[in-house]
There are 2 protein chains.
Amino acid sequence: MKIDPSKPADLSAQIAAAIRDAIIGGDLIVDERLPSEAELADHFNVSRPTVREALKRLAAQSLIRTQRGASGGAFVNRLSFEDAYAQQITTSTLLLSMNAVSFDTACEARFALERACAPLSAQRRSADHLATMRAEIHRQQQPGLTDEAFCASDVAVHRALVDGAGNPVLSYQLAGAVEAMQPLMNMITFSARSREEIVAMHTELADAIEAGDGPTADAVLLRLEDYTRTLARDVMAARAARASS
Amino acid sequence: MKIDPSKPADLSAQIAAAIRDAIIGGDLIVDERLPSEAELADHFNVSRPTVREALKRLAAQSLIRTQRGASGGAFVNRLSFEDAYAQQITTSTLLLSMNAVSFDTACEARFALERACAPLSAQRRSADHLATMRAEIHRQQQPGLTDEAFCASDVAVHRALVDGAGNPVLSYQLAGAVEAMQPLMNMITFSARSREEIVAMHTELADAIEAGDGPTADAVLLRLEDYTRTLARDVMAARAARASS
DNA sequence: AGACTTTTAAATGTCAGACAAATAAAATCT
DNA sequence: AGATTTTATTTGTCTGACATTTAAAAGTCT
């Protein structure tokens, strides 16, 4: 583990970077125990609070976990897909909300990625994935459903589609794109009419997936993308017009 | 901002979560200044070091930045695409290295996502993106090129392809998938023969992109995927055979 | 001897108070 | 008025201490 140049004033960041590099570089193996805070403080010639700040940075990225007690300490964490999903969703949500990424751009990205999954999902989806899609589509036809519940169900359908591809890396990549858009989606699927259209396309999608027909699934997604983007444009335009009145 | 239940013992994590929720929920706007550490400590009824650990957690995720001095403090950070890329790459690298994700799975995901970009890139790429691809392909034909340099150039070609789609969300999503695989790719493109094949396909790809021909670009990527995965399988098999001897 | 209980030690979690360094605003001087 | 100095605020860091948790060691009883 390297030592820090004494010049700049952000020791905890430097220490965090040193340990992070050691983990990524393979010098520290999964479940390996790091030296105690006191030992690290001694090693880097800093105080324990400074070491602790560095460790908290790493903990925030799920790179380490800590355990109290006699044989406790900081351990290199095996980054689970769940942790990765959560980080991905947080990051994506912030990117969309803070960087003036238009709904249109986000939507294009989302459907592009989903269409990449469609042929794989058509080929490999389990009965379980298909059943989930069917169940969610059925729920979407309930009259009393709130907008939030409808959108959550919408996400669940697409999630099942992606998971059906059986590639956890793809599922991870898409988690952010799909989930981060949900708040935006909530604003545009308000009318009974649009729900009807969406349910119809979901049904077609499920049929294609059931039949193992990738190209048709792709075509449905393309139409769904087009419909969603047009709907969003109209909603935004209407909102803008109302705002200026 | 909510208060923490006094029960569990991880105050800094709770405080970090409270502030994070405030940022994601829009209660704290970009560039808004948070209360000083002393004020936060008073607010949450904890000590300053505890507050600092919470702030370092947020800083590790690029959610805040801090500034020393009279009118300094912690400010809500506008998450830049660059920061998001970096996090994405770190997370993806760890996922691949620690979760026994096979090269094959990662490769499938990568090409699926790239193929999603291909039609968009064929339609919208700038002259700059195309020039970058051509230049990198030219470099790949230099005889003295190291394996690392060849692979870096390979990544640059695919990067230019993805960026050519003009969708920053897609670029962000793909950054992890492509860059995280580079170390693995280094191991399989060692022979002159494979370089030759790859350069040929890169050239076809650039031609298709230049002609605005999405379907052909897609077909080339499909062949490149197949070639890469086959090559990787052979290399792995050879390595396994050598190891058992 | 073997199983259960108690003690102990090591580690993280938290706190308090202090000083250093940076920085912008206020006060002062030319 | 403009330039310079002072001052106040805030983060960065250190020292030292105590609380809490937890596993292992020591001790005790059957």
Side-chain angles (χ1 to χ4, degrees), chain A residues 1-20 22-23 28 31-77, chain B residues 1-20 22-23 28 31-77:
Chain A
M1 210 106 69
K2 309 292 172 53
I3 316 166
D4 323 311
S6 51
K7 267 286 146 54
D10 208 352
L11 297 178
S12 75
Q14 291 179 41
I15 294 171
I19 299 176
R20 176 164 39 238
I23 294 176
L28 292 169
D31 291 337
E32 185 172 340
R33 183 180 171 283
L34 275 76
S36 73
E37 295 177 353
E39 287 171 310
L40 286 172
D42 190 56
H43 178 356
F44 288 114
N45 264 75
V46 296
S47 68
R48 197 159 82 90
T50 302
V51 167
R52 280 184 62 80
E53 288 179 9
L55 294 180
K56 293 311 171 195
R57 287 173 187 264
L58 300 176
Q61 299 178 307
S62 305
L63 281 166
I64 62 170
R65 80 193 107 87
T66 56
Q67 201 174 1
R68 285 215 276 195
S71 69
F75 297 82
V76 178
N77 197 26
Chain B
M1 210 106 68
K2 308 293 172 54
I3 316 167
D4 323 312
S6 50
K7 268 286 149 58
D10 208 352
L11 297 177
S12 75
Q14 290 179 42
I15 293 171
I19 298 177
R20 175 164 41 239
I23 294 175
L28 292 170
D31 290 337
E32 184 172 339
R33 183 179 172 282
L34 277 78
S36 73
E37 295 176 352
E39 287 171 311
L40 285 172
D42 191 56
H43 178 0
F44 288 114
N45 263 78
V46 296
S47 69
R48 198 159 83 90
T50 302
V51 167
R52 280 184 62 79
E53 287 180 9
L55 294 180
K56 292 310 170 194
R57 285 173 186 266
L58 301 176
Q61 298 178 308
S62 305
L63 281 166
I64 61 171
R65 80 192 106 89
T66 57
Q67 201 175 0
R68 283 215 276 198
S71 69
F75 297 82
V76 177
N77 198 25

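Here is the naming used below: chain letters follow the sequence lines, and residue numbers restart at 1 for every chain.
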Protein-nucleic acid N or O pairs under 3.5 Å, nucleotides 15-19 of chain C:
residue	atom	partner	partner atom	Å
C:dC15	OP2	B:S47	N	2.9
C:dC15	OP2	B:S47	OG	3.1
C:dC15	OP2	B:T50	OG1	2.7
C:dA18	N6	B:R48	NH2	3.4

Nucleotide N/O of nucleotides 3-8 of chain C paired with protein N/O under 3.5 Å:
none

Close N or O pairs between protein and nucleotides 3-5 of chain D (under 3.5 Å):
none

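Separation of atoms CZ (A:R33) and CG (A:L28) is listed at 12.0 Å; rounding is to 0.5 Å. Atom OG of residue A:S47 and atom CG of residue A:L11 lie 8.5 Å apart, to the nearest 0.5 angstrom. Going from atom NZ of B:K56 over to atom NZ of A:K56 covers 14.0 Å, rounded to the nearest 0.5 Å.
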Side chain to side chain contact (heavy atoms under 4.5 Å, CB included) between B:T66 and B:L55, worked out: CA-CA 9 Å; B:T66 57; B:L55 294 180; 5.5 Å; no

For the pair A:L58 and A:I19, evaluate side chain to side chain contact (heavy atoms under 4.5 Å, CB included) and give the outcome as yes or no after the intermediate values. CA-CA 8 Å; A:L58 300 176; A:I19 299 176; 3.5 Å; yes

How far apart are the C-alpha atoms of B:F75 and B:D31, what are their side-chain angles, what is the distance that settles it, and do they pass the side chain to side chain contact (heavy atoms under 4.5 Å, CB included) test? CA-CA 5 Å; B:F75 297 82; B:D31 290 337; 5.5 Å; no

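At a cut-off of 3.5 Å, with distance as the only test, a side-chain donor of A:Q61 or A:R20 sits close to an acceptor on the other residue. There is a side-chain donor-acceptor pair under 3.5 Å between B:E39 and B:S36.
Taking both residues in full, the closest heavy atoms of A:I64 and A:A74 are given as CD1-CB, 4.2 Å, listed atom of the first, atom of the second, then distance. Residues A:A54 and A:S12 come closest through the heavy atom pair CB-O, 3.3 Å. For the pair A:P35 and A:L40, the tightest heavy-atom approach, listed with the atom from each and the gap, is O-CD1, 3.6 Å.
Scored by the side-chain contact (heavy atoms from CB on, under 4.5 Å) test, B:S62 finds B:N77, B:L79, B:D83, B:Q87 as partners (sequence neighbours excluded). The side-chain contact (heavy atoms from CB on, under 4.5 Å) search around B:R48 returns B:E37, B:R52, not counting sequence neighbours.
B:E37 places its CD atom 10 Å from the P atom of D:dT10, with the value rounded to the nearest Å. Following rounding to the nearest Å, B:R33 (CZ) and C:dT23 (P) show an atom-to-atom distance of 15 Å. When rounded to the nearest whole Å, the span between CG of A:L40 and C1' of C:dA11 equals 12 Å.
A heavy atom lying under 4.0 Å from DNA chain C marks the following residues of residues 51-70 of chain B, by number: B:R68, B:G69, B:A70.
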